[in-house]
Amino acid sequence: MNAKIILDTDPGIDDAMAILFAEANPNVELVALTTVFGNTEIDISTRNALYLKQRFGFKCDVAKGASKPLKRPPVGASIAVHGENGFGNVDMKEPTISADPRAAHQYIIDTVKASPNEITLVAVGPLTNLALALIEAPEIRGLVKEVVIMGGAFGTHEHTGNVTPFAEANVHDDPHAADVVFTADWPVTVIGLDVTHETFFSTDYIDTLRDTCGEVGEFMWDISRFYLDFYKSRMGVNGCFVHDPSAIAYVINPSLFTLREGPIRVVCDGPAEGLTLQKYKQTQHKTDEWADKKPQQVAVAVNDQGVLDLYLDSMTQYGNR
Ligand code: RIB
Ligand code: CA
């Protein structure tokens, strides 16, 4: 099966690893990269998406998206994690190609309407573009094949948050947008910290990518130096968690993940802003803000070695094509 995806992204080092994974795997057709603020400011996210397209010869479109959250004050770019330029401050030529003239959310609406029930929306940054598309054209709810999100943290395996004790970065960057996306009547699968914090690229694994995947492996090794320094200094580990590539792994092989069903809400203010809560028990309550919302799927377990094997195989094939 060929999954036709629009990848909404804030590249970002792990975003780049996910983008290259989507381009590399023969079971994925990368229709477009739509960019959003998050790891970087929007102009840098978009520049980086165009850079990857030009350097590696992608056929996909690039469309520039939201520069700020729907309602909350912007948190600011994750410079400490991804560097000033979003790619670990490696030297980069400025791309000489341009983005699609449409805003990302309009591009999403137009493309989903033009190919009903064919497009999988994969979002690995704040969910602002998807929320804007839903608000502008709610009819797309019945026209997407699936929505796959890297984001959230639901407490399984004691994974509750990364940017606060109880919030994951993509949701925390725009909790209102996340609540709009999770509560809409369309099929959402959430790949959160519950499984991405169970999947780990060791420094040796990334060395192997460099040594066996040609130019693309060398690029991923180069941009990951800054990222791995962050993980070493802040967490004392030799490697990094596999966030955004895990969403692509799900698209390619859903059987690598175990899912739990139930409606999801997001805390949108106060000390727990960005907290994602899935109601998976069939209990009745006098007041229940989950009761009338569509049950969605949350990944609660992963065959992490399977993800690593799939990634290395895809990138090795691509790097030596
Ligand atoms: O919490 C991890 C997520 O936040 C990833 O998408 C990473 O790229 C950052 O955007
Ligand atoms: Ca991201």
Side-chain angles (χ1 to χ4, degrees), residues 5-22 33-42 44-46 48-49 52 65-69 74-83 85-88 104 121-130 147-155 157 159-175 177-178 181 189-201 220 223-224 226-228 230-231 234-235 237 239-251 266 273-276 298-299 302 307:
I5 75 169
I6 293 175
L7 181 51
D8 194 75
T9 176
D10 58 335
I13 292 163
D14 65 314
D15 298 70
M17 293 176 170
I19 292 165
L20 291 163
F21 189 17
L33 299 174
T34 52
T35 61
V36 66
F37 74 94
N39 290 326
T40 58
E41 301 300 335
I42 185 60
I44 294 177
S45 294
T46 309
N48 289 350
L52 292 175
S67 60
K68 62 184 181 5
V75 171
S78 309
I79 293 170
V81 184
H82 297 269
N85 73 359
F87 281 170
L121 299 180
V122 183
V124 296
L127 294 171
T128 315
N129 292 331
L130 270 65
V147 182
V148 180
I149 308 286
M150 190 280 128
F154 297 83
H157 317 294
H159 300 309
T160 58
N162 55 5
V163 287
T164 81
F166 296 101
E168 178 280 326
N170 290 335
V171 174
H172 185 256
D173 270 343
D174 195 341
V181 169
T189 300
V190 188
I191 307 296
L193 300 185
D194 309 74
V195 292
T196 67
H197 274 182
E198 295 291 306
T199 311
F200 192 72
F201 280 171
M220 289 193 289
I223 65 171
S224 59
F226 188 95
Y227 197 53
L228 295 175
F230 168 81
Y231 271 90
R234 293 289 184 88
M235 299 177 181
V237 296
C240 60
F241 295 122
V242 184
H243 295 304
D244 295 346
S246 292
I248 303 299
Y250 171 79
V251 170
V266 183
E273 66 182 354
L275 173 61
T276 48
V298 168
V302 59
V307 171

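No experiment lies behind these values; they were computed from the predicted model shown. Numbering of ligands and ligand atoms starts at 1, following listing order.
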Validation row: L127, D174 side chains within 4.5 angstrom (heavy atoms):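 Of all side-chain heavy-atom pairs linking D174 with L127, none is under 4.5 Å.
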
Are any non-hydrogen side-chain atoms of H197 and N162 less than 4.5 angstrom apart? yes

Listing, residues 242-249 side-chain donor-acceptor contacts under 3.5 Å, not counting sequence neighbours, or none:
from	atom 1	to	atom 2	distance (Å)
H243	ND1	T196	OG1	2.9
D244	OD2	D15	N	3.3
S246	OG	V242	O	2.5

Return the minimal non-hydrogen interatomic distance between A16 and F87, and the atom names on each side.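 The answer is CB-CE2, 3.7 Å.
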
Pair E198, H159: side-chain N/O donor-acceptor within cut-off below 3.5 Å: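 Side-chain D/A pair, E198 to H159: present.
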
Say whether S45 and D10, considering side chains only, have a donor N or O and an acceptor N or O under 3.5 Å apart. no

Near the Ca ion (ligand 2) (under 3.0 Å) - protein N, O or S atoms: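 For the Ca ion (ligand 2), the protein N, O and S atoms that sit under 3.0 Å away are D10 OD1, D15 OD1, D15 OD2, V124 O, D244 OD2.
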
Derivation and outcome, side-chain contact (heavy atoms from CB on, under 4.5 Å), residues M150 and N170: CA-CA 8 Å; M150 190 280 128; N170 290 335; 3.7 Å; yes

Would you please name every residue forming a salt bridge (Lys or Arg N to Asp or Glu O under 4.0 Å) with E273, sequence neighbours left out?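 E273: salt bridge (Lys or Arg N to Asp or Glu O under 4.0 Å) contacts with R72.
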
So which protein residues pack against ligand 1 under 4.0 Å, heavy atoms counted?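 Heavy-atom contacts below 4.0 Å: D10, D14, D15, N39, V124, M150, N162, E168, A169, N170, H243, D244.
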
Is the ring centre of Y227 less than 6.0 Å from the ring centre of Y231?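 Between Y231 and Y227, which both carry aromatic rings, the centre distance is below 6.0 Å.
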
